[in-house]
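Every value quoted in this text rests on a predicted model; they were computed, and no experiment measured them. Because only heavy atoms are used, hydrogens play no part in the values below, and waters and symmetry mates are left out as well, while side chains stay in. Letters go in sequence order (proteins before strands), and every chain restarts at 1.
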Amino acid sequence: MTITAIWVDDDPRRKEDADNFRDSIGGRRVTVQFLNTRSSGFDAELKSISLPDAAPRLAFVDHRLRASHRQSLFSLGTAVAAFLRQKWGDWPIVGVTATPNLSSVSPHYRLIYDDFLSSDELDAPKFKFAFSLVGEAAKLRRLRLRSADDLIRSLSAPTDESSRLMSVIPTKVSDSLGKPGSTIVISEWVRNTLMGKPGFLYDRDWIANFVGITPAAFDRKERFFARARYHGIYSESLPPRWWGASVRELLAHRFENEEEIEPRKLGHMLPGVRRRDWSRCHRCQEAYPETMGRTDPLSRDHIIPLHLRCSIADPKDEQILHFEERRLLLPR
Amino acid sequence: MSPQEPQNLTFTVDSALLSELGEKIVARVHVALAELVKNSYDADATRVEVKLLTDDESSRIEISDDGHGMTFQEVQMYWMRIATTHKKEERLSPRFGRPKTGAKGIGRFCCRRLGTHLKLITTARVRGGKTQRTVVEFPWGAFAPGTNVSEVACPGESTIIGDAPTGTTLLISSGKSEEWNKTAYQFVLRQLATLAANRGLRREGAPEEDPGFNAVIAAPGYSARAEDLREKIIDGGWGTIEAVVDSHGLARYTLVAKGLGKKSISAKRRFNNLCGVRLRIGLFPHDKDYFREPSLFSKMNLSKILTEWGGVQVRYNGFRVYPYGDDDWLNIDRDRGLRKGPAHEQLVAFAATLRGVDPSRALLSLLSMKSHVGSVELGDQAGVFEMKASREGFIEGPALTELKEFARFGIDWATIYRDFSIRTEQKSAAKTARESLEAILSESIPGTEVTPRAVQLIRKQVEHALSLLPDESRREAQRNIVTASDAILKRDKTSQSELQHLRLIASTSTLLLVFTHEVKSLLGFLQTKSVALENLAKQIPAQHRARTLSISKGLLDYKERLRRLVQMTSLISVDGQEAKTERLALRERLEAAKACLSLIIESYTIEFDLDKVPANITVGPMLEAELYSVFLNLFSNAIKSVLAFKGGGRIEVEALSGPEGTTVWVRDSGLGIDKAHWESVFEPFVVDPKNELYSSLKRHLNQEDQFIVGTGSGLGLSIVREILEVREGSICFTEPPTGWKAQVEVKFP
């Protein structure tokens with residue numbers, strides 16, 4: 001896929017980031033145009049960009065534009081993004097911000113930008129992620145999701161999970177299906193909720209603990225769980241996820257003669273898994289931690305395995321039906 | 001004597017009882033007037049108008065409300081029946097469910113207290129959708145001692161008049177004008193303020209929503225114009241913010257406040273969904289001294305007004321929208337809890353223009369939501385505000401987001417001005433006090449000399465007074481005065497020197513913030529250059545590729561180190577996001593604190609061991625910044641100590657947690673510290689008690705590293721101790737185990 005990208009910024013030095021993006025993706029797959037908002041011709045330049053509707057494209061917009069040309073209509077990043085959104089429809093727009101904490105970006109802006117990148121972390125993986133958003137947008141255009149059933153099909157979900165999934169699709173997502181602007185709503189929910197919160201899909205650390213072993217041991221046994229890997233929309237943009245229900249089924253099938261049914265105990269029976277591979281609770285060091293959590297609410301460290309008895313629910317967690325609750329280490 | 005036929009005797013009531021009871025129950029005219037308005041409130045009125053007309057000879061009072069009124073029968077059976085229990089039995093008003101405020105059954109005594117003639121005109125709803133108008137005249141003078149209450153006629157009539165507005169009017173004439181004065185008038189205002197603060201409420205179980213209550217008082221003898229009490233309340237506090245959004249979405253705010261006069265600002269951002277929206281909010285700090293109309297509020301009624309009616313309501317086409325005003329919809333209380341700085345860049349820039357205001361701390365003066373009294377009015381011009389299906393508030397959307405920003409902008413702007421005003425007033429009070437002293441001494445006094453000169457004056461004056469005492473007592477008193485004034489003067493001298501030191505430190509913190517901001521932008525460019533090199537490496541001959549990639553990686557490593565340092569400076573400076581007390585994982589914070597010092601640890605090959613700190617220990621609740629401050633100080637002291645000893649060495653941290661709490665030991669193999677100084681080093685401004693540390697560091701450190709350790713502020717350990725004591729912990733030096741030179745023991749509860 002060849003894409004057209006534009007980079008809108010008030011700092012001409014950022015052109016090097018635009019070039020880095022092109023070079024990180026590969027010059028043949030992308031053409032990049034850098035638009036300096038300080039230039040007097042900026043408005044005309046922005047308005048003149050004309051592409052066929054089906055042409056894949058991506059925009060990087062400096063969210064904190066400061067020094068636009070005095071006559072410009074676009075004195076804010078959001079104004080540029082809103083203009084492009086109107087003109088470009090569902091093709092992705094990425095906000096670039098110096099805000100170190102992206103979670104503090106107003107949710108309102110999350111409906112204008114597809115995602116945010118921190119300006120001091122613009123490296124090759126981040127650029128590849130931004131590029132992959134274009135692929136996902138193209139995929140969604142092809143799929144033309146019109147109903148919740150279409151959406152579930154696009155997730156390639158295990159059959160048994162359909163009804164549970166149906167019950168967690170928010171109204172704002174189901175209402176948007178088949179309408180213009182649905183991509184950003186779907187994308188936000190799939191990436192930040194379905195793939196972002198464990199409950200249906202689990203990341204590597206979570207799924208390893210789910211089957212009672214360390215992430216390193218899980219890496220060794222990953223082939224066994226290959227069929228449980230998530231291959232639905234946005235699977236190529238983000239680190240791998242596994243369907244919890246499929247992992248459970250794989251283990252149940254593999255150990256169908258065992259009385260034990262809990263995945264975290266069956267995982268210990270996999271060939272090559274030794275005692276030292278067992279996942280252990282961060283607090284009591286005993287095996288079979290049922291959940292994962294943080295050491296404290298402000299911790300920036302990775303999440304850690306915990307027993308339910310060794311942890312408490314994070315009071316600030318917004319609990320969602322069928323998703324795992326966020327846990328915190330039980331204070332000593 | 002033959003016995004008479006048995007008879008039943010009955011009591012009669014002498015009219016003198018009316019005046020007896022009246023004088024005892026309603027001793028003062030202003031109490032009587034306030035009670036009559038309370039009756040209007042209890043009759044579910046939404047508005048009452050009071051006229052108080054006094055001249056040299058008499059007073060005339062008119063009270064007119066739009067309450068439910070009374071039927072002819074009710075006037076006769078309740079109003080004219082003394083000591084009726086009607087009001088006592090029904091604690092809530094029938095229509096709006098208001099808790100009744102008036103005293104029971106004393107309305108007629110109040111009327112009698114206010115004048116010798118009363119005309120009662122009342123209109124109430126009767127069957128068949130009609131209303132009945134009743135007019136009764138009460139010639140109180142006819143109720144003379146010796147007459148029977150039930151025998152004095154009060155002429156009255158009633159008429160059925162179709163569907164007319166209900167309400168009651170009391171016309172009271174021939175009162176005693178000499179009983180009225182400004183104090184009595186202000187008492188009435190204070191009493192009614194509590195009622196007029198009712199700006200609308202929906203009470204559970206009440207048949208109808210209470211639209212609020214207002215009182216308008218015209219008293220030409222005391223105020224030139226009629227006073228709208230609801231408006232007067234809002235304007236009575238420290239300041240009133242008003243704002244309106246024009247048809248282009250531009251919002252203009254004005255603030256009229258005590259000590260500031262009128263100020264205005266326009267928001268740079270546009271509120272395109274809020275055209276025509278208006279806002280009017282009064283700000284009420286707890287201290288009445290800062291009010292523009294302090295006489296309108298007593299401590300009690302202010303607390304009642306703010307508790308019951310405080311909050312910023314939303315009105316849509318005149319109707320109140322719930323729950324706004326009952327909840328923290330503007331996140332004011334949340335932001336107070338988080339100690340957040342202003343969210344708007346425009347306000348940060350504005351705060352920076354006010355002398356003495358620290359932009360990042362100006363919102364620490366933010367008042368609670370309940371201390372903001374007023375509302376935001378939405379009209380037809382405003383954008384799409386869609387009610388939720390439950391009718392509880394609007395559906396979240398751009399219009400509501402704008403509305404919140406519009407209101408918060410005004411509140412935050414006024415708060416910044418309040419912070420400025422507080423500072424200015426404190427300075428101005430100190431200046432006035434100094435000028436008064438200068439007037440007494442007839443000479444000018446520099447700021448630093450105020451305390452010594454004031455003490456000198458006090459001593460002189462007291463000495464003079466003491467000369468009247470007998471010798472023995474005089475000598476003892478003189479000794480005591482000398483001791484006390486010496487203590488004041490010494491304390492003052494210490495404060496002056498500490499202040500000077502703190503000023504220096506404060507100036508460096510500003511520099512640090514500027515530095516941090518600059519470094520943050522540079523971090524992005526370091527990243528950019530590193531990625532550019534990485535991409536370049538793909539295009540150049542293989543023999544140069546490895547070298548180029550290594551340079552790129554090196555740049556990234558330095559960037560990461562810088563990022564960690566910047567993150568730490570942000571954590572320690574004010575940051576609303578992090579400013580909450582929590583139990584915190586100890587090991588993670590110790591590692592982060594150590595990482596900040598990694599450059600010097602690595603350069604001087606210091607062994608720095610955290611292995612004896614279990615990963616599952618949490619401490620607190622405390623602020624993350626506090627925990628970092630504690631250990632950054634202790635680690636930097638330990639590093640200085642080992643460097644001063646011989647330019648290398650070992651540092652070890654151990655932690656143990658038990659039922660009594662957590663103990664952390666920080667040990668080092670450095671210079672050590674004499675037992676004699678174990679306590680004194682925690683005193684502020686004590687630096688290097690043995691005078692050995694910094695001279696030795698100079699000898700052992702490379703010149704370019706000298707600045708890292710500096711000369712010490714002498715505040716580090718005292719700040720650490722203060723932090724820990726506030727969090728109920730402790731810190732002290734203890735005997736180090738064999739092989740170590742110094743050990744600090746930190747206890748967390």
Side-chain angles (χ1 to χ4, degrees), chain A residues 11 13-27 64 66 75-76 78 96-101 103-104 106-109 111-112 118-127 172 281-285 294-302 304 306 310 312 316 328-332, chain B residues 268-269 343 345 396-398 400-402 405 517 520-536 538-539 556 559 562-563 566-567 570-571 575-578 580 582-589 591-592 614-621 623-624 627 657-659 661-662:
Chain A
D11 186 342
R13 288 173 297 179
R14 287 281 174 209
K15 183 176 180 307
E16 198 162 1
D17 284 314
D19 295 341
N20 281 345
F21 168 67
R22 183 198 55 219
D23 296 343
S24 299
I25 300 304
R64 302 255 179 229
R66 276 169 201 276
S75 56
L76 294 169
T78 44
V96 179
T97 171
T99 312
N101 183 2
S103 64
S104 69
S106 160
H108 180 52
Y109 297 141
L111 290 176
I112 299 177
S118 178
S119 55
D120 62 3
E121 288 174 0
L122 295 172
D123 55 8
K126 294 284 189 316
F127 287 139
K172 69 171 179 189
C281 173
H282 190 77
R283 190 169 192 272
C284 67
Q285 294 305 312
R294 295 197 177 278
T295 45
D296 64 61
L298 304 179
S299 170
R300 289 157 198 85
D301 270 5
H302 287 295
I304 44 169
L306 290 166
C310 294
I312 51 169
K316 292 177 188 85
L328 295 174
L329 178 76
L330 179 69
R332 276 179 188 267
Chain B
K268 280 187 182 163
R269 66 150 296 176
E345 280 178 29
E396 288 289 337
L400 184 59
T401 308
E402 276 190 11
E405 283 181 27
H517 182 261
K520 271 183 185 170
S521 356
L522 292 176
L523 282 177
F525 291 111
L526 261 178
Q527 173 80 36
T528 306
K529 296 290 177 196
S530 156
V531 177
L533 270 178
E534 201 182 303
N535 286 327
L536 182 68
K538 292 178 204 160
Q539 299 162 24
L556 271 188
K559 186 214 113 186
L562 264 176
R563 195 191 58 77
V566 170
Q567 192 181 32
S570 306
L571 265 179
D575 184 338
Q577 284 285 323
E578 313 298 339
K580 44 191 133 176
E582 300 280 5
R583 276 200 79 86
L584 301 165
L586 181 66
R587 173 77 180 254
E588 183 185 332
R589 271 55 184 209
E591 279 169 359
N616 57 8
I617 290 180
T618 56
V619 295
L623 296 175
E624 196 176 24
L627 189 58
S657 193
T662 298

Worksheet entry | Heavy-atom pairs under 4.5 Å with chain A, option from Val531(B), Leu556(B), Leu522(B) with the top count | Val531(B)

Worksheet item: chain A heavy atoms under 4.5 Å from Glu396(B): which part of the residue, side chain, backbone, both or neither?
Response: neither

Worksheet entry | Under 4.5 Å from a heavy atom of chain A, the part of Arg587(B) involved | neither

Discussion item. Gln285(A): which residues meet the side chain to side chain contact (heavy atoms under 4.5 Å, CB included) condition with it, sequence neighbours left out?
Written reply: Arg280(A)

Item to complete: Kindly check if the number of other-residue, nucleotide or ligand heavy atoms within 6.0 Å of NZ (Lys268(B)) is above 12?
Response: no

Fill in: Closest approach of Leu306(A) to Arg283(A) (non-hydrogen atoms, all atoms of both residues)
CD2-N, 4.3 Å

Practice prompt. For Asp23(A), enumerate each residue passing the side chain to side chain donor-acceptor pair (under 3.5 Å) test, keeping only those at least two apart in sequence or located in another chain.
Written response: none

Response to the item:
Most contact-rich option vs chain B, by heavy-atom pairs under 4.5 angstrom, among Asn20(A), Asp19(A), Asp11(A), is Asn20(A)

